[in-house]
Amino acid sequence: MASGFRYVVIMLAAMPASACSSLPAAIEAEVVRATLYDDIPCGTLKAERAALVRQYGDPEKQPDKRQPGDPITPTGLSVVTPDFRSAAEKERGLAWGKIVAMNSSITRRCSE
């Protein structure tokens with residue numbers, strides 16, 4: 001019983017610290033606006049997108065993986081949930097967000 005109480009005390013102590021790197025903020029950072037890429041010429045944008053896809057994979061071809069902006073925790077709990085993902089997972093999430101935004105910009109502007 002004492003170990004259960006100790007766990008609760010540790011979690012309550014960690015909650016304020018988790019606000020610095022909470023999961024919702026990290027997930028929101030993965031969503032990139034496509035308009036950021038509208039000033040880049042189509043050829044350059046396609047090359048940048050291809051380089052990201054080579055390095056991180058294509059999010060559209062991996063539907064079993066979490067997509068940029070998809071929630072990880074149940075609603076209501078995420079505000080106090082710290083982001084325990086690895087640096088590689090965070091990097092891939094941001095890269096996939098960029099790829100999705102680039103795809104949208106390419107679809108809207110580049111007709112080839």
Side-chain angles (χ1 to χ4, degrees):
M1 186 68 153
S3 65
F5 179 72
R6 188 176 309 141
Y7 176 74
V8 170
V9 170
I10 290 171
M11 286 303 294
L12 288 174
M15 280 183 183
S18 71
C20 297
S21 63
S22 68
L23 198 51
I27 291 171
E28 189 175 319
E30 293 176 357
V31 178
V32 180
R33 293 184 330 213
T35 56
L36 295 173
Y37 298 104
D38 285 352
D39 294 335
I40 299 174
C42 290
T44 305
L45 186 58
K46 287 178 182 180
E48 286 180 24
R49 182 200 169 278
L52 282 175
V53 168
R54 271 193 307 278
Q55 186 171 358
Y56 296 101
D58 192 346
E60 294 176 357
K61 294 184 178 166
Q62 299 180 10
D64 58 326
K65 302 259 186 185
R66 191 183 67 75
Q67 298 296 308
D70 286 351
I72 295 175
T73 59
T75 304
L77 296 177
S78 59
V79 176
V80 294
T81 304
D83 188 3
F84 289 123
R85 296 176 299 156
S86 69
E89 287 176 303
K90 292 175 187 177
E91 189 176 320
R92 187 192 75 218
L94 181 58
W96 278 14
K98 290 177 181 179
I99 291 169
V100 169
M102 288 177 180
N103 286 343
S104 179
S105 181
I106 289 169
T107 300
R108 274 187 294 107
R109 299 180 311 114
C110 307
S111 57
E112 286 184 72

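Since the structure is predicted, the reported quantities are computational estimates derived from the model, not experimental observations.
We find the CG-CH2 distance between N103 and W96 to be 12.0 Å, quoted to the nearest 0.5 Å. Taking NZ from K46 and OG from S105, the interatomic distance works out to 10.5 Å, rounded to the nearest 0.5 Å. Between the NZ atom of K98 and the CG atom of L52 there is a distance of 7.0 Å, given to the nearest 0.5 Å. Taking OG1 of T35 as the start and CZ of R108 as the end, the distance is 7.0 Å to the nearest 0.5 Å.
Side chains of L45 and C110 form no contact here, defined as non-hydrogen atoms less than 4.5 Å apart.
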*Check the pair D58, R49 against side-chain contact (heavy atoms from CB on, under 4.5 Å), reporting the backbone distance first and the verdict last.*
CA-CA 10 Å; D58 192 346; R49 182 200 169 278; 3.3 Å; yes
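Here the closest non-hydrogen pair linking G57 and I99 is O-CD1, 3.6 Å.
More than 12 heavy atoms of other shown residues, nucleotides or ligands fall within 6.0 angstrom of atom CZ in R109.
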